[in-house]
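One structure below.
What's counted below: heavy atoms across the whole structure, side chains too, no hydrogens, waters or symmetry copies.
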Amino acid sequence: MLVLITYDVNTQDAKGRKRLRRVAKLCMNYGIRVQNSVFECVLDAAKCRELKHQLSEEIDKDKDSLRFYYLGDKYKTKIEHVGAKETIRVEEPLVF
């Protein structure tokens, strides 16, 4: 299933900037960054729970927030892109 993960981490202090880097790194391990704090991740249920748990452990729940949007397996008709960034097919392997 496609899961859209967004986050807002308070970076007013050094601890917040460190949390932001750790959250971004975790998300990069599971998906593709489509905007600064937005990742598209193709995950099965177990990987989704694992990532959600890891991210929940990283943030400060009094200062930061996470959002998970579950788009399911038939997400291709639910996504529309307009603008400069090239669309990446998250389910296909990346070739460098």
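The 12-atom threshold is not exceeded at CZ of Arg67, counting heavy atoms of other residues, nucleotides or ligands nearer than 6.0 Å.
No single ILVMFWY cluster, assembled from side-chain heavy atoms under 4.5 Å apart, contains both Val42 and Met28. Both Phe68 and Ile59 are assigned to one and the same hydrophobic cluster, defined by single-linkage of ILVMFWY side chains at heavy-atom distances under 4.5 Å. In the hydrophobic clustering of this structure, Val38 does not group with Val23; members are Ile, Leu, Val, Met, Phe, Trp, Tyr whose side-chain heavy atoms approach within less than 4.5 Å, directly or through other members. A continuous path of hydrophobic side-chain contacts links Leu55 to Tyr70 [ILVMFWY only; heavy atoms under 4.5 Å]. Criterion: ILVMFWY side-chain heavy atoms under 4.5 Å apart, direct or through other members. Under it, Phe39 and Leu71 are not part of a common hydrophobic cluster.
From Leu26, atom CG reaches atom CD of Glu57 across 11.0 Å, with rounding to the nearest 0.5 Å. One distance of note links NZ of Lys25 with CG of Asn29; it measures 7.0 Å at 0.5 Å rounding.
Across all their heavy atoms, Cys27 and Cys41 have their closest contact at O-SG, 4.4 Å. The two residues Arg19 and Asp64 have their closest heavy-atom pair at NE-OD2, 2.7 Å.
The side chain to side chain donor-acceptor pair (under 3.5 Å) search around Tyr30 returns Glu50, Gln54, not counting sequence neighbours. Ala46 pairs by the side chain to side chain contact (heavy atoms under 4.5 Å, CB included) definition with Asp44, Arg49, not counting sequence neighbours. For the side chain to side chain contact (heavy atoms under 4.5 Å, CB included) test, residues two or more places apart in sequence or in another chain that qualify with Asp13 are Lys15, Lys63. Residues forming a side chain to side chain donor-acceptor pair (under 3.5 Å) with Arg22 (at least two apart in sequence, or on another chain): Glu58. Every side chain to side chain contact (heavy atoms under 4.5 Å, CB included) that Asp62 has, sequence neighbours left out, goes to Asp60.
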Side-chain donor/acceptor pairs under 3.5 Å, residues 2-9, sequence neighbours excluded:
from : atom 1 : to    : atom 2 : distance (Å)
Tyr7 : OH     : Arg33 : NH2    : 3.2

> After noting the C-alpha distance and the side-chain angles of Lys61 and Ser56, does the key distance pass the side-chain contact (heavy atoms from CB on, under 4.5 Å) rule?
Replying inline: CA-CA 8 Å; Lys61 292 177 179 76; Ser56 295; 4.1 Å; yes
